[in-house]
**Student:** 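Dropping a structure here in structure tokens format, bear with me for questions.
Bear in mind the structure is a predicted one, so any value in this text is a computation, not a measurement. FYI, side chains are in, hydrogens and waters are out, and symmetry mates aren't considered; it's all heavy atoms of this structure. Residue numbers begin at 1 in each chain, while the letters A, B, ... track the order of the sequences.
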Amino acid sequence: MKMSPEFIRAQRNMQPGEITADGFLGDDSRSLIDIIAADEAAMSDLDLAFDDCASQLEDLMEAGRRGLGEPVTIDATWRVKTDEARGVLPSPFEDGVFRKVNATIELVGDASATLRITALSLHLMKRYHFLQGLGAAFRIEPRMLKRVLKR
Amino acid sequence: MNTALLIAPLAISGLSAALAALISLTDKIVNNYGECIISVNGGKKELTVQGGSSMLATLAEQQIFIPSACGGRGSCGECKVKCTTDVGPHVPTEMPWMTPSDLKNNVHLSCQFKVKGDVGIEIPEYLFYVKRYKATVERITDLTHDIKEVYFKLPDGVSTNYKAGQYAQIEVPPYGKIKEPTQRAYSLSSTPNDPNHVEFMIRLVPGGIVTTYVHEHLKEGQKLDVIVPFGEFHVRDTSATMVCVAGGSGMAPFKSIFTTMVEDGSIDKRDVWYFFGARSVRDLFYVEWLSELDEKHERFHFIPALSEPEESDNWQGETGLITEVLDKYLVSDNLKDAEKEGYLCGSPGMLDACMAVMRKHDMEDERIYFDKFA
């Protein structure tokens, strides 16, 4: 699929060393637009909406921030641990900057059901339906998303 | 036929060379802005420069270093300057960083506009004293499992002048997949009374370009560029009780501040309460030194607090989140009615939470200080 200049620039910004040490694409060799298209199909198959899921993740991350780095249990269902560093990261789409805050969300009693998200990854999910490349540190896998959010 | 085969590539090469020369010539003519004058802070400094480069780079050539964590790529938003003359409209890459007040006051990112003529700018006065040094790593110490202390020696004969609490920028070279030098800001933990050295506490941030380099590649004896000093976080010259709160590598400016206060004797002249939050004993450091200060200096109080001490820690001190401990002490007889100033250093989340607690106890925002780069 042909990519717009905005997406070509974003894919360049997603390479390791541009914004973060490891980048946003992991070991995925597909184009940005193909990654997004495949994840949109996967989310649709699982009956998941990007906006709804991103909002729920945002709420969990915000609740987790109250722990100041310590794990917080939310609704007896999720254990959320946030970590923050000083400074901000720009979006690879050059449409804003985001705090360096990340959260690990796991289902209580099932540590294998875990997601790692960041303030930036939620923006990319909500606005561009971009869940990051396969093997990326903050890849949001649709099946895992469904499991962790209990949808 | 052989001649034709030779002529074709030669002709193409010739044409390409001519085209490149034409482009280069056009660039020189069109983009030749000649000598320009930058008037800084209403003429306090008049710089005669060659136009054509970004304001950030042009000022750096003149040894004026505007804070820039991204090295001029427009991705950190720190290199703002107020322009007192017209430098054109804001470009799209600046807009994410511009507040309504910035737009109204003609503030621009200095990395995003070129010097094309005479121009006036306003910058904080302290930036006149910022210098760039090639510093040698003299010592690297593991403070905890994820914080390293790095002690740099400046070139022989050089001494830097900063206030305890200020910060510097460290630039690491390209490595691995990182193709460009990268700068990040860190609080100084050294004392200004050791002017030939600077020291930092650097916590490993997963995926962090500079912190990963420091933790996995930096060696003693190596040289790095250090740009120092920046920031307006320092002790205010009042008699108010200092309520200081930090976590993790947020200890850095307080090590600098307390060392300096011991050196100049001010530690015995005002009350200082230092709250340091960590998860368990393995995340604590400098406890012996701080406890010793607490014992030796009647007006200095060190309150370490663990949010999740392990059983083997055998912890006898305060427990709970640092905000809970702070909340408890701010209503104690020692602090309740005292005139207070807040000094904070840590993650943005911790700063927000501590600010909320301080406000709840009627501490004024204008008297709560923290690193601007947080």
**Student:** Given a strict heavy-atom distance threshold of 4.5 Å, which part of A:Glu18 is in contact with chain B: side chain, backbone, both, or neither?
**Tutor:** both
**Student:** Please flag which part of A:Asn102 lies under 4.5 Å from any non-hydrogen atom of chain B: side chain, backbone, both or neither.
**Tutor:** neither
**Student:** Atom CG of A:Asp22 and atom CD1 of B:Ile178: how far apart are they, to the nearest 0.5 Å?
**Tutor:** 8.0 Å
**Student:** Calculate, to the nearest 0.5 Å, the distance between atoms OG1 and NZ belonging to A:Thr20 and B:Lys177 respectively.
**Tutor:** 10.0 Å
**Student:** Checking A:Ala137 against chain B: side chain, backbone, both or neither under 4.5 Å from a heavy atom?
**Tutor:** neither
**Student:** Within a 6.0 Å radius of atom CZ on A:Arg30, are there more than 12 heavy atoms belonging to other residues, nucleotides or ligands?
**Tutor:**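 Buried by this count: over 12 neighbours within 6.0 Å.
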**Student:** With a cut-off of 6.0 Å (strictly less than), are more than 12 heavy atoms of other residues, nucleotides or ligands near NZ of A:Lys81?
**Tutor:**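 Yes, the 6.0 Å shell around NZ holds more than 12 heavy atoms from other groups.
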**Student:** Counting heavy-atom pairs under 4.5 Å with chain A, which one of B:Tyr213, B:Tyr175, B:Trp97 comes out on top?
**Tutor:** B:Trp97
**Student:** Are the side chain of A:Glu84 and the backbone of B:Ser347 linked by a donor-acceptor contact shorter than 3.5 Å?
**Tutor:** no
**Student:** Look at B:Glu308, B:Met95, B:Lys179, B:Arg279 and state which one has the largest set of heavy-atom pairs under 4.5 Å with chain A.
**Tutor:** B:Arg279
**Student:** Looking only at heavy atoms, which of residues 46-71 of chain A get nearer than 4.5 Å to chain B?
**Tutor:**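 Within residues 46-71 of chain A, the residues that come under 4.5 Å of chain B (heavy atoms only) are A:Arg65, A:Arg66, A:Gly67, A:Leu68, A:Glu70, A:Pro71.
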**Student:** Restricting to non-hydrogen atoms, name the atom on B:Val205 and the atom on A:Ala85 that form the minimum distance, rounded to 0.1 Å.
**Tutor:**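 Nearest pair, atom of B:Val205 first, then A:Ala85: CG2-CB, 3.8 Å.
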**Student:** Side chain, backbone, both or neither: which part of B:Cys354 has an atom under 4.5 Å from a heavy atom of chain A?
**Tutor:** neither
